[in-house]
Amino acid sequence: MDYLSEIEGKQAHDPMFLEKMKESSSSSSSCLCVPGPVIVGAGPSGLATAACLKEKGVPSVILERSNCIASLWQLKTYDRLRLHLPKQFCELPLMGFPTGFPTYPSKQQFVDYLEAYARKFDIKPRFNETVSQAEYDPTLGFWRLTSVGVKGKEMEYVCRWLVVATGENAEAMMPEMEGMGEFSGDIRHTSLYKSGEEFRGKRVLVVGCGNSGMEVCLDLCNHNARPSLVVRDTVHVLPQEMLGTSTFGLSMWLLKWFPLRLVDRFLLIVSWLMLGDTARFGLARPHLGPLQLKNLSGKTPVLDVGTLAKIESGDIKVRPSIKSLKRHAVEFVNGTTENFDAIILATGYKSNVPSWLKEKVMFSEKDGYPRRPFPNGWKGEYGLYAVGFTKRGLLGTSMDAIRIAEDIQRCWKEEAKHRLAFTNSLLHQSSSL
């Protein structure tokens, strides 16, 4: 497919096109016409999409704001992190994990896998390029993206297809709490937490009882800190493994044979037999089952890796929601006040799509997610795609990447045929003159 020929064809048939391109080149330092799609984000989602496209003969360009692939994993995760699901549910398309990897690979092993994946498919993102704006230009019939480099240099990209792969975890969510400016201790998001070693002997309050909050509490315990866990809502805590296999894998197998509600009931019965009534620890369960809740809200159940035993032994204290922060203390909604040296916010992440993508049809301006629910949120209009927004982890990412590559390949082939027919027609006209 000759992309520049398409540009020339548009210039010949659309007088406004040339004027638009002149405006573009004069307003930015440089402009690049990309023959295939531009992918924004070099995390697992962007890598998977680029690999699937390459396997189908479609080139792509990846723009990444950080200086490495999988920047969330490499730069913003704690040291003890491991995959919470078995590796077979976390591999990307076209390449599995090495056979020597454990069932639950470590953070470094997963990063090694992603780097090997990029090498295998010769994926070379353009690092340190932050996309500040992307907009579809109906006059050109192409997407126009502006990126800003480390020295403030702007670059414009013009492309037929745009793949949004910035994902669900682009920006840390920082809740507002009364008295945050007054608290004298350290307040940080889990994206800045590495190890409990620096909190040894300190009283630490962890806000958020998802998988990250639970695991950070366990890590603090293992480094002889004194953690407390703020539980602001109901939560499903399940064993990481049931009946000798992973809870997630067992759930997927059961769903092939039984309705979701029956599988939920089974999971809760086995969890009660293995863990007991978690409400006695201050971890009340939601009314909806874990899988039903996941489908409706995207809220993931916690897979216990040892935290519950520390809560039961009293090494980790459970606390209610925070009312306000004082200089050296935290006041809770039940009226109690307790001193803390630091606060870790395990409050999750959010999409940043609305901050740079000038589009209101496919993506919600409110939360930055595709408006259409899974499995239909991967494709928009005018060659716009989304990967990694399914709230179904790396399994959902792989499904998106495969669909997107197939769809773009189809368009790629069709447009190549039209271009070939147009070229042959011109050659025929020339020969008859």
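Source: prediction; values computed, not measured.
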Do F183 and I343 have side chains that approach each other closer than 4.5 Å (heavy atoms only, starting at C-beta)? yes
Would you tell me whether R371 and N376 have side-chain atoms, one donor and one acceptor, within less than 3.5 Å of each other? no
With a 4.5 Å cut-off on side-chain heavy atoms, are L83 and F97 touching? yes
Apply the test salt bridge (charged side-chain N to carboxylate O under 4.0 Å, His left out) to residues R188 and E198: give CA-CA distance (whole Å), side-chain angles for both, the deciding distance (0.1 Å), then the verdict. CA-CA 13 Å; R188 71 175 71 174; E198 64 177 299; 3.0 Å; yes
Report yes if the side chains of F389 and T166 come closer than 4.5 Å at any heavy-atom pair, otherwise no. yes
Verify the distance criterion only: is there a donor paired with an acceptor across the side chains of N211 and E215 at less than 3.5 Å? no
Looking at Y193, is K76 sitting on its ring face, NZ or CZ under 6.0 Å from the six-membered ring centre and within 45 degrees of the normal? no
Could you tell me whether the side chains of Y157 and E129 share a donor-acceptor contact shorter than 3.5 Å? yes
In the structure I gave you, are the side-chain heavy atoms of Q74 and S71 within less than 4.5 Å of one another anywhere? no
Counting N and O atoms only, with roles assigned by atom type, does the side chain of H189 sit under 3.5 Å from a partner on the main chain of G348, one being a donor and the other an acceptor? yes
Given side chains that start at C-beta, do those of D304 and P239 come closer than 4.5 Å, heavy atoms only? no
Check step by step if salt bridge (charged side-chain N to carboxylate O under 4.0 Å, His left out) holds for D79 and K194. CA-CA 5 Å; D79 295 341; K194 293 300 178 185; 5.4 Å; no
Applying ring pair (Phe, Tyr, Trp, His ring centres under 6.0 Å) as the test, list every pair that has at least one member in residues 201-252; sequence neighbours left out. F89-F248
Once ring pair (Phe, Tyr, Trp, His ring centres under 6.0 Å) is applied, what residue pairs with a partner in residues 260-300 remain, sequence neighbours excluded? none
Is any NZ, NE, NH1 or NH2 atom of the basic residue among K379 and D407 found under 4.0 Å from an Asp or Glu carboxylate oxygen of the other? yes
Would a 4.5 Å heavy-atom cut-off, applied to side chains only, mark P375 and R403 as touching? yes
Run Y104 and S246 through side chain to side chain contact (heavy atoms under 4.5 Å, CB included) and show every step you take. CA-CA 10 Å; Y104 302 97; S246 78; 3.5 Å; yes
Ignoring hydrogens and angles, state whether a donor on the side chain of Q292 or D264 is under 3.5 Å from an acceptor on the partner side chain. no
Of all pairs that satisfy ring pair (Phe, Tyr, Trp, His ring centres under 6.0 Å), the ones with a partner from residues 34-80, not counting sequence neighbours: W73-F110
Going through the distances and angles, do E91 and Y117 end up as a side-chain hydrogen bond (donor to acceptor under 3.5 Å, both in side chains)? CA-CA 10 Å; E91 60 189 24; Y117 190 86; over 6 Å; no
Should D137 and E135 count as side-chain neighbours, where that means a heavy-atom distance under 4.5 Å? no
CG-CG distance between L255 and L262, expressed to the nearest 0.5 angstrom: 10.5 Å
Charged N-O contact under 4.0 Å between R203 and E338: no
Using a strict cut-off of less than 4.0 Å between a Lys/Arg side-chain nitrogen and an Asp/Glu carboxylate oxygen, indicate whether R160 and E414 qualify as a salt bridge. no
K87 vs L394 side-chain heavy atoms within contact, under 4.5 Å: no
Under the side-chain hydrogen bond (donor to acceptor under 3.5 Å, both in side chains) criterion, do K294 and T300 qualify, and how do the steps go? CA-CA 6 Å; K294 173 69 174 173; T300 303; 2.9 Å; yes
Measure across C159 and G36 and return the closest heavy-atom pair with its distance rounded to 0.1 Å. CB-O, 3.9 Å
Donor-acceptor pair, W143 side chain versus V38 backbone, under 3.5 Å? no
Salt bridge (charged side-chain N to carboxylate O under 4.0 Å, His left out) evaluation trace for K299 with D233: CA-CA 12 Å; K299 188 175 181 180; D233 201 357; 3.7 Å; yes
Quick one about Y385 and D400 (side-chain donor to acceptor, distance below 3.5 Å, no hydrogens or angles considered), yes or no? no
